[in-house]
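Below, chain A is the first sequence line, B the second, and so on; all start at residue 1.
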4 protein chains.
Amino acid sequence: MGKREDIIAATGDLIVESGLQSLSFSKIFERAGVGSGTVYNYFPSKETLLNTLYRDAANLMDREVLAKYDQSTSLEKRFKTLLGNMARFVLAYRKELIVILSCSHSPYIAEELRTQITPSLQTALDIFAEGLASGELMPMDPMMAVTMVTGAITAVAQGALDGKYRLSEYSIDQAVDACWRAVLART
Amino acid sequence: MGKREDIIAATGDLIVESGLQSLSFSKIFERAGVGSGTVYNYFPSKETLLNTLYRDAANLMDREVLAKYDQSTSLEKRFKTLLGNMARFVLAYRKELIVILSCSHSPYIAEELRTQITPSLQTALDIFAEGLASGELMPMDPMMAVTMVTGAITAVAQGALDGKYRLSEYSIDQAVDACWRAVLART
Amino acid sequence: MGKREDIIAATGDLIVESGLQSLSFSKIFERAGVGSGTVYNYFPSKETLLNTLYRDAANLMDREVLAKYDQSTSLEKRFKTLLGNMARFVLAYRKELIVILSCSHSPYIAEELRTQITPSLQTALDIFAEGLASGELMPMDPMMAVTMVTGAITAVAQGALDGKYRLSEYSIDQAVDACWRAVLART
Amino acid sequence: MGKREDIIAATGDLIVESGLQSLSFSKIFERAGVGSGTVYNYFPSKETLLNTLYRDAANLMDREVLAKYDQSTSLEKRFKTLLGNMARFVLAYRKELIVILSCSHSPYIAEELRTQITPSLQTALDIFAEGLASGELMPMDPMMAVTMVTGAITAVAQGALDGKYRLSEYSIDQAVDACWRAVLART
DNA sequence: TATGAATGAGAGTTCATTCAT
DNA sequence: AATGAATGAACTCTCATTCAT
């Protein structure tokens, strides 16, 4: 691994261990095993480093959320694939999830990075637009609906990270099913 | 208003404007219009001030969430009262909600304060236990279920604060209804 | 006791317990059981308070050192009375001795207070002048001789306070005798 | 000179000029001509800096006190070498003596550093033990005897520093001789 | 006379960032 | 490219002192 990767890895590890608030450059230098000036060869500021870390994690999550997504399947299947992938992300990528949750309300992260419409978010919005048009889903503001279900899944993941309960494949399915029922139009 | 209230108000305002991370005592002194030492007449440390601020806001929220809660009504009515109150809290108490969300993962706030079972949380857990026993609700871990629906509502509120959409009484009802359907047992 | 005496007593107690460096007005207020402003009715500043405390203790010591001093007795008797009184002061007035030792090198205490020729010091100087003139004592600078023997006795007292050894009437006599031999002219 | 030496020198100078009580880091920065953070590259805290300063001075004094000490010479010669070296220390190392005297009762200096049995102290104790056994010296608690004579010499040195009198090689010899007579057994 | 809330200068310390090597 | 000593602004907090009550 190059120094750049060492620095990013060390930063993520420190956030997982002690949180974003207690993160300092000196700890990063020490953990990464590089000189203090070296970081500035790769990242012009702490802000840039954190944005890079966040973007990397967010991109990974985006890819994972869209994994095995098949546009040709039913609305329900696509919905559950997206949300299920999101929930499973916490099991496979604990570190990256913590980074995302820690950074997502930090002033260090550029506004446009936090509020951008990622491919997975766009896909989710499309699903709701389609379900709204077809009448399969409840008539709600798509952005609010997406915010609600992703908020639900994220909260479930965060609760698991906080040790409130254990998250199994079965309980993930339960949560995803619940989200589907939440938005499904009454029949 | 006394100085104590000035300090608390100034702290809350600053968190709303710039977030918890960029909050400093010097900004609080300046905003509250008091001398730097004055804060320490009321709060022995920054930690104490933030804990007080958080506890006040959390207690207020707890009271508001339990407003008009009537144990003698149906499970559905009670559930929707709780969640509706929570959603409406954001409309009436934007500042307090931001304080709660900002502080809820901060290392400044005492663990026991953040993870305590408040009356409203206990009430929600009781509702799920009752619904589980009667078969009216889906069989899920009650803590996970509560985490999920409160996460959904909180995310909806946060999205409104972030300006993603406007939150009306109608859309609040939509979100609350959706949460009810999410946990309702299939008939 | 009046407030003034309460304040002085509290200050002395705190110096004994924690030393002069960690002495603060807030601790004095609290210990004395008076309001913070009250001190300023009696002492215009911390410096004045400490000077008063020091002067009181120093005056007491001066009186004690001159106790039972009889000008009509032999040089040896007078010498040993003075030094013995000084050594015994530590046994009877531990608090006052600690105050004197703590303050004697503090910048708070006015130069002229620390370096003044007290009655007991003058008496000691007189003894040396007399002994010098009569040839009974070694020819030395009287001030240096007095400084030497009082330094010896003070060090012995300080060592006892520090717990290096226990100080008895017998060991006090030993130390005083030693000081007498130190300055006695060879016969 | 490196920054580290600049800092130590500046700290010593400030103690000589204004005493330990009025010593502050900001004064040290200014005097040493370094940035405020620089001190922390060398000393993690004010306490560490002062302990280093004290230890350096105490070690120097210890070496000087033991200079030309020859175990094979008579008890008297060894005694006078030690005490004479101690007295002469003040003439050659005024700054270091002031540092030692200032720090020796400061809470900043670690207890074990202040109360340790240094080689020179041990040597002095050994001399008294030997003299006691042989009957050459007065029967006294060795620790008290050492405390007494070193207290006498230190007081003499301190008095010279305070400008009470001038200290010459001759007066040093007088003081040392006096100390020897003080502890010498009557013949 | 007695009070204690209010003050602000100054304390020790941290830390993102720079720059000569 | 890599280093780490040096920086100084900003941080939390203390404390002698003032003053309206």
Side-chain angles (χ1 to χ4, degrees), chain A residues 2-4 6-7 21-30 32-50 108, chain B residues 2-4 6-7 21-30 32-50 108, chain C residues 2-4 6-7 21-30 32-50 108, chain D residues 2-4 6-7 21-30 32-50 108:
Chain A
K3 303 270 184 191
R4 191 175 190 281
D6 288 347
I7 292 164
Q21 290 226 33
S22 76
L23 181 72
S24 76
F25 258 32
S26 51
K27 289 177 190 165
I28 296 175
F29 308 146
E30 200 175 335
V34 302
S36 64
T38 303
V39 176
Y40 291 87
N41 287 334
Y42 298 103
F43 307 98
S45 72
K46 188 182 179 183
E47 203 175 329
T48 312
L49 167 56
L50 283 176
Y108 285 120
Chain B
K3 301 272 181 188
R4 191 173 191 279
D6 289 347
I7 291 163
Q21 291 223 35
S22 72
L23 182 71
S24 77
F25 258 31
S26 47
K27 289 177 190 166
I28 296 176
F29 308 147
E30 203 173 331
V34 301
S36 63
T38 302
V39 175
Y40 293 90
N41 286 339
Y42 298 102
F43 306 98
S45 71
K46 188 181 179 182
E47 203 176 328
T48 311
L49 168 56
L50 283 176
Y108 284 121
Chain C
K3 303 269 183 190
R4 191 173 189 282
D6 289 346
I7 292 164
Q21 290 226 33
S22 76
L23 182 72
S24 77
F25 258 33
S26 51
K27 289 178 189 164
I28 296 175
F29 308 147
E30 200 175 333
V34 302
S36 64
T38 303
V39 176
Y40 290 87
N41 287 334
Y42 299 102
F43 307 98
S45 71
K46 188 182 179 182
E47 203 177 326
T48 312
L49 168 55
L50 282 176
Y108 285 120
Chain D
K3 302 271 181 189
R4 191 174 190 280
D6 289 346
I7 291 164
Q21 290 223 34
S22 73
L23 181 72
S24 76
F25 258 33
S26 47
K27 289 176 189 164
I28 296 175
F29 308 147
E30 204 174 330
V34 301
S36 62
T38 302
V39 177
Y40 292 90
N41 285 338
Y42 299 102
F43 307 99
S45 71
K46 187 181 179 182
E47 203 176 328
T48 311
L49 168 56
L50 283 176
Y108 284 122

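Checking C/Gly37 against B/Ser22, the closest nucleotide of DNA chain F that is more toward the 5' end is the one next to B/Ser22. Heavy-atom distances to DNA chain E give each of D/Ser45 and B/Gly33 a nearest nucleotide, and the one nearer the 5′ end belongs to B/Gly33.
Taking atom CG of residue C/Leu23 and atom P of nucleotide F/dT14, one finds them 16 Å apart after rounding to whole Å. As a whole-Å value, the separation of A/Glu47 CD from E/dT17 C1' is 14 Å. We find that CZ of C/Phe43 is positioned 15 Å from C1' of E/dT1, with the value rounded to whole Å. Distance CD (D/Glu30) to C1' (F/dT7): 16 Å, rounded to an integer number of Å. For the pair B/Phe25 CZ and F/dA9 P, the interatomic distance rounds to 23 Å; values are reported in whole Å. Rounded to a whole Å, the CZ atom of B/Phe29 is 10 Å from the C1' atom of E/dG8. If you measure from atom OH of A/Tyr40 to atom C1' of F/dA5, you get 14 Å, rounded to the nearest angstrom. Between the NZ atom of C/Lys46 and the C1' atom of E/dG10 there is a distance of 14 Å, rounded to whole Å.
Taken from CD1 in A/Ile7 to CG in A/Asn41, the straight-line distance is 8.5 Å, to the nearest 0.5 Å. With rounding to the nearest 0.5 angstrom, the CZ atom of A/Phe29 is 5.0 Å from the OG atom of A/Ser36. Atom OG1 of B/Thr38 is separated from atom CZ of B/Arg4 by 14.0 Å, given to the nearest 0.5 angstrom.
In terms of polar N and O atoms assigned as donor or acceptor, the side chain of A/Asn41 never comes within less than 3.5 Å of the base of F/dA1 in a complementary pairing.
Between D/Ser24 and E/dA11 there is a side-chain N or O to OP1 or OP2 distance below 4.0 Å. Side-chain nitrogen and oxygen atoms of C/Ser36 include none within less than 4.0 Å of the OP1 or OP2 phosphate oxygen of E/dT3. Contact annotation: D/Ser26 side-chain N/O to E/dG10 OP1/OP2 distance is not under 4.0 Å. In this model, the phosphate group of F/dA5 is not approached by any side-chain N or O of D/Thr38 to a distance below 4.0 Å at OP1 or OP2. Within the structure, a side-chain polar atom (N or O) of C/Lys3 is placed less than 4.0 Å from OP1 or OP2 of E/dT3.
Looking at heavy-atom distances under 4.0 Å, C/Tyr42 makes contact with sugar-phosphate atoms alone, never a base. If you check every strand for non-hydrogen atoms under 4.0 Å, D/Val39 touches nothing. Residue A/Leu49 is classed as having no contact, given no heavy-atom separation below 4.0 Å to the nucleic acid.
Proximity of the aromatic rings of B/Phe43 and B/Phe25 is defined here by a centroid distance below 6.0 angstrom, and this criterion is not met.
Put simply, the side chain of D/Lys27 gets close to the backbone of D/Ser22: a donor and an acceptor are under 3.5 Å apart.
Across every strand in view, F/dA20 sits in a pair with E/dT3 that passes the Watson-Crick or G-U test at under 3.5 angstrom.
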